[in-house]
*Asks:* 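I have a structure I would like to understand better, so I am pasting it below and will then ask my questions one at a time.
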Amino acid sequence: MSAKKEELVSSAMKRTSEWISSQEIPSDVSVHIGETLFSLHKFPLVSKCGFIKKLTTQSSNDSNITVIKIPDFPVGAEAFELAIKFCYNINFELNTENIAMLRCAAEYLEMTEEHAVGNLVETTEVYLNEVILKSLSNSVKVLRKCEDSLPIAQRVKLVSRCIDVIAYITCQESHIKQAIVDWWAEDLVGLRIDMFRRVLIAMMARGFKRYALGPVLMLYAQKALRGLEIFEKGTKKMEAEQEHEKRVILETIVNLLPRERNAMSVSFLSMLLRAAIYLETTVACRFDLEKRIGLQLRQAVLDDLLIPSFNGDNMIFDVDTVQRILMNYLEFEVEGNSVDFAGDIGELMETYLAEIASDRNINLAKFIGLAECIPEQSRITEDGMYRAIDIYLKAHPNISEVEKKKVCSLMDCNKLSQEASAHAAQNDRLHVQTVVKVLHYEQQSLRQILRDTDSPAAYNNDDELSQLNRENQELKLELLKVKMNFKEFEEEKTFEVMSSSDYSLVSIASVVKPRRKSFISYVSRKLGKLNPFSMTQGRIIPPKGRRHSIS
């Protein structure tokens, strides 16, 4: 035997060869299992192995040694060695580690009762039925070993019998304890995905509730998909074969997920979706996960939606996927005839919008498209939308005035809180028309409060009323100055005039930047002094002739 072949022979095989060589009868059969050579005796082999008997009969070799080559022996040299030991009546132990391959080797070598009573097929079957298939743990271990012995393990029905035992015992356990049992779930996650799938299908066929499979699927997914860089954008560091294997695993897991709503957590579904995008699974697989997340969107948090973009663009986050998730949620609400668009959904989506707004690579269409999908019913105030818009304008300072106007039109200035309005009134990043709208709504609100104040003590406060009137006149003068500037810059910029039955507001689209900023800041400071809550209660009747006043 060459040095290379000797390295391939295990220590157990060497001991077997030494025992055979020590016999007085010289070996007369040379069996090659792959690259491993066994020098054996014909009589003990042909007395129990029908396969070897046929090969020796057909051999036309005139030499004293019959050479048999079996290059495709299905379970390897180690299993063949155990079968030979059985032929030579050498004692060895049957256990969960070797029973599967030994049963398959016996089948291949045709070691049946036809050739010898109590042959290897019968011996392994007795051990399987009386020891292995009585225990769930042993059945799982043997099923795992069968993965290396396919397809012959299928032919002897070893796979199906193990699966049936596992399904039966798990169903019995679930009926008794009415809960998922962690000890057997841990055993199952060690199976290959095809075996794992067959076990779960067999369990459901025996009555195991599909929604109860959730914890098992989570355990399996966490183990099988470990190592994927799915939480941040980066270059893939995986071989194509390994990527394909994980893709098959993920698609199988998604196909097995319970159909019941809320059976799986949003965080787990989000993890699967990130992996699906990363591994480029089928579109159906990704859409399935998006729909599941959409149905449970009220349970989501911001981190669940921060899905990195792996589609080759320069964006940090996958906005299109999140938009489809939101549309799935809205579609579900509409189909259910529900008008209860939860406020937390609006807050969640506005927070997500603000998070992606800082990405310089997100274009205007994507930003506006997502913002327009957020239902107004779910937006209690516009503060979240204003924050997202402000962040977007800060990250994209070079957008045109027309684009800026489109972005600012996403919010309803009338629904801003007092703090947000005060900030917006002095925000020179906003379109000037939006600022004037904010000032208009602030002034309208103040006037309404002043009208609603009904107390005799207010009539005695002539000094404060006079001061308010003086400040109002100053604002009117400032507006007149701006209107004059409007004529000077008419050829360069476009201006819009807002009017109503009681007053009209002139909105300047663009004036020389220092002057526009001065006007906005001035108006905001003046409005800040018009605080009706500092006055004693009373009804204050605004003076006439204020049609063109913003105060």
*Asks:* Quick one, K48 with N89, criterion side chain to side chain donor-acceptor pair (under 3.5 Å). Give me CA distance, side-chain angles, the key distance, then yes/no.
*Replies:* CA-CA 11 Å; K48 293 183 179 180; N89 294 320; 3.1 Å; yes

*Asks:* Taking all non-hydrogen atoms of both residues, which atom of V121 and which atom of E107 are closest, and how far apart?
*Replies:* CG2-N, 4.3 Å

*Asks:* Could you tell me whether E114 atom CD has more than 12 heavy atoms of other residues or ligands within 6.0 Å of it?
*Replies:* no

*Asks:* Identify the heavy atoms of P258 and A263 that sit nearest to each other, and give their distance.
*Replies:* CB-CB, 3.7 Å

*Asks:* With no hydrogens and no angle check, do the side chains of E245 and Q242 hold a donor and an acceptor under 3.5 Å apart?
*Replies:* no

*Asks:* Could you walk me through whether V67 and V29 pass side-chain contact (heavy atoms from CB on, under 4.5 Å), step by step?
*Replies:* CA-CA 6 Å; V67 178; V29 176; over 6 Å; no

*Asks:* Using 0.5 Å steps for rounding, measure from the OG atom of S139 to the CG atom of L128.
*Replies:* 9.0 Å

*Asks:* Are the side chain of E122 and the backbone N or O of T112 linked by a donor-acceptor pair below 3.5 Å?
*Replies:* no

*Asks:* Does any N or O in the side chain of R206 come within less than 3.5 Å of the main-chain N or O of A167, such that one atom is a donor and the other an acceptor?
*Replies:* no

*Asks:* Less than 4.5 Å apart, any side-chain heavy atom of M385 and any of K415?
*Replies:* no

*Asks:* For Y168, does the OH atom have more than 12 heavy-atom neighbours from other residues, nucleotides or ligands under 6.0 Å away?
*Replies:* no

*Asks:* For a 4.5 angstrom cut-off between non-hydrogen side-chain atoms, does F80 reach V31?
*Replies:* yes

*Asks:* Should I374 and I345 count as side-chain neighbours, where that means a heavy-atom distance under 4.5 Å?
*Replies:* no

*Asks:* Nearest 0.5 Å, what's the CG-NZ distance between D187 and K141?
*Replies:* 7.5 Å

*Asks:* Please determine, by modelled atom types, if S417 and D383 share a side-chain donor-acceptor pair under 3.5 angstrom.
*Replies:* yes

*Asks:* Please indicate whether F92 has more than 12 foreign heavy atoms, meaning atoms of other residues, nucleotides or ligands, lying under 6.0 Å from its CZ.
*Replies:* yes

*Asks:* Measuring from L102:CG to M111:CE, what's the distance to the nearest 0.5 Å?
*Replies:* 8.0 Å

*Asks:* Mind checking the CG-CG spacing from L109 to L45? Nearest 0.5 Å is all I need.
*Replies:* 9.0 Å

*Asks:* In sequence, state the C-alpha distance, the side-chain angles, and the governing distance for V322 and Y352, and then conclude on side-chain contact (heavy atoms from CB on, under 4.5 Å).
*Replies:* CA-CA 9 Å; V322 174; Y352 176 79; 3.3 Å; yes

*Asks:* May I have the step-by-step check of side-chain contact (heavy atoms from CB on, under 4.5 Å) for S270 and L305, ending in yes or no?
*Replies:* CA-CA 7 Å; S270 175; L305 301 181; over 6 Å; no

*Asks:* Just checking, is any N or O donor in the side chain of E78 or N98 under 3.5 Å from an acceptor N or O on the other one?
*Replies:* no

*Asks:* Could you please spell out the steps behind the side-chain contact (heavy atoms from CB on, under 4.5 Å) verdict for I52 and I68?
*Replies:* CA-CA 8 Å; I52 299 292; I68 299 174; 4.0 Å; yes

*Asks:* So, does T321 use its side chain to make a donor-acceptor pair with the main chain of D318 at under 3.5 Å?
*Replies:* no

*Asks:* L136 versus V165: any side-chain heavy-atom pair under 4.5 Å?
*Replies:* no

*Asks:* Strictly below 4.0 Å, N to O, side chains only: are E125 and R103 in salt-bridge contact?
*Replies:* yes

*Asks:* Apply salt bridge (charged side-chain N to carboxylate O under 4.0 Å, His left out) to the pair R292 and D288, showing each step before the final yes or no.
*Replies:* CA-CA 6 Å; R292 290 174 184 273; D288 186 4; 3.2 Å; yes

*Asks:* Test your reading of the model: is there a side-chain donor-acceptor pair from D359 to the backbone of I356, 3.5 Å cut-off?
*Replies:* no

*Asks:* Can a salt bridge be assigned to the pair E290 and R286 using a cut-off of 4.0 Å between side-chain N and carboxylate O?
*Replies:* no

*Asks:* As a quick check of understanding, evaluate salt bridge (charged side-chain N to carboxylate O under 4.0 Å, His left out) for E110 and K53, giving each step before the final call.
*Replies:* CA-CA 10 Å; E110 300 177 20; K53 183 177 182 179; over 6 Å; no

*Asks:* When you measure from the side chain of Q296 to the backbone N and O of N262, does any donor-acceptor pair fall under 3.5 Å?
*Replies:* yes

*Asks:* Restricting to non-hydrogen atoms, name the atom on C104 and the atom on V75 that form the minimum distance, rounded to 0.1 Å.
*Replies:* CB-CG1, 3.8 Å

*Asks:* So, do M264 and L272 sit near enough that their side-chain heavy atoms are less than 4.5 Å apart?
*Replies:* no

*Asks:* How many angstroms lie between CZ in F86 and CG in L82, if you round to the nearest 0.5 Å?
*Replies:* 11.5 Å

*Asks:* Decide if atom CZ of R226 counts as having more than 12 heavy atoms of other residues, nucleotides or ligands within a radius under 6.0 Å.
*Replies:* no

*Asks:* Mind checking whether M349 and Y329 have side chains closer than 4.5 Å, heavy atoms only?
*Replies:* no

*Asks:* If I compare all heavy atoms of V301 with all of L348, which pair ends up nearest, and what's the gap?
*Replies:* C-CD1, 3.7 Å

*Asks:* Side chains of L225 and Y220, heavy atoms from C-beta outward: is any pair under 4.5 Å?
*Replies:* no

*Asks:* Under the 3.5 angstrom rule, does the side chain of Y127 hit a backbone N or O of L94 as a donor-acceptor pair?
*Replies:* yes

*Asks:* For a side-chain contact (heavy atoms from CB on, under 4.5 Å) with R192, tell me which candidate from D148, L150, L143 qualifies.
*Replies:* L150

*Asks:* Quick one: CG on N138 to SG on C162, what's the gap to the nearest 0.5 Å?
*Replies:* 9.5 Å

*Asks:* Please report the shortest heavy-atom distance between L306 and F317, naming the atom on each side.
*Replies:* CB-CE2, 3.8 Å

*Asks:* Is any side-chain heavy atom of I391 closer than 4.5 Å to a side-chain heavy atom of E355?
*Replies:* no

*Asks:* Between K134 and E130, does a salt bridge (charged side-chain N to carboxylate O under 4.0 Å, His left out) hold up when you go through it step by step?
*Replies:* CA-CA 7 Å; K134 299 286 186 181; E130 295 185 358; over 6 Å; no

*Asks:* I'd like to know if the side chain of D304 and the backbone of V266 have a donor-acceptor N/O pair within less than 3.5 Å.
*Replies:* no

*Asks:* Should the pair K145-E97 be classified as a salt bridge under the 4.0 Å nitrogen-to-oxygen rule?
*Replies:* yes

*Asks:* Identify the two heavy atoms, one from I33 and one from G76, that lie closest to each other, and give their separation to 0.1 Å.
*Replies:* CG2-C, 4.1 Å

*Asks:* Any idea how F367 and Y392 line up, ring-wise: parallel (<30°), tilted (30 to 60°), or perpendicular (>60°)?
*Replies:* parallel

*Asks:* Spell out, as yes or no, whether a donor-acceptor pair under 3.5 Å connects the side chain of N328 to the backbone of R324.
*Replies:* yes

*Asks:* Say whether, by atom type as modelled, one donor and one acceptor occur between the side chain of R261 and the main chain of L295 under 3.5 angstrom.
*Replies:* yes

*Asks:* Excluding sequence neighbours, so at least two apart, what forms side-chain contact (heavy atoms from CB on, under 4.5 Å) with R197?
*Replies:* I201, T252, L256

*Asks:* Do any N or O atoms from the side chain of R144 and from the backbone of V140 form a donor-acceptor pair under 3.5 angstrom?
*Replies:* no

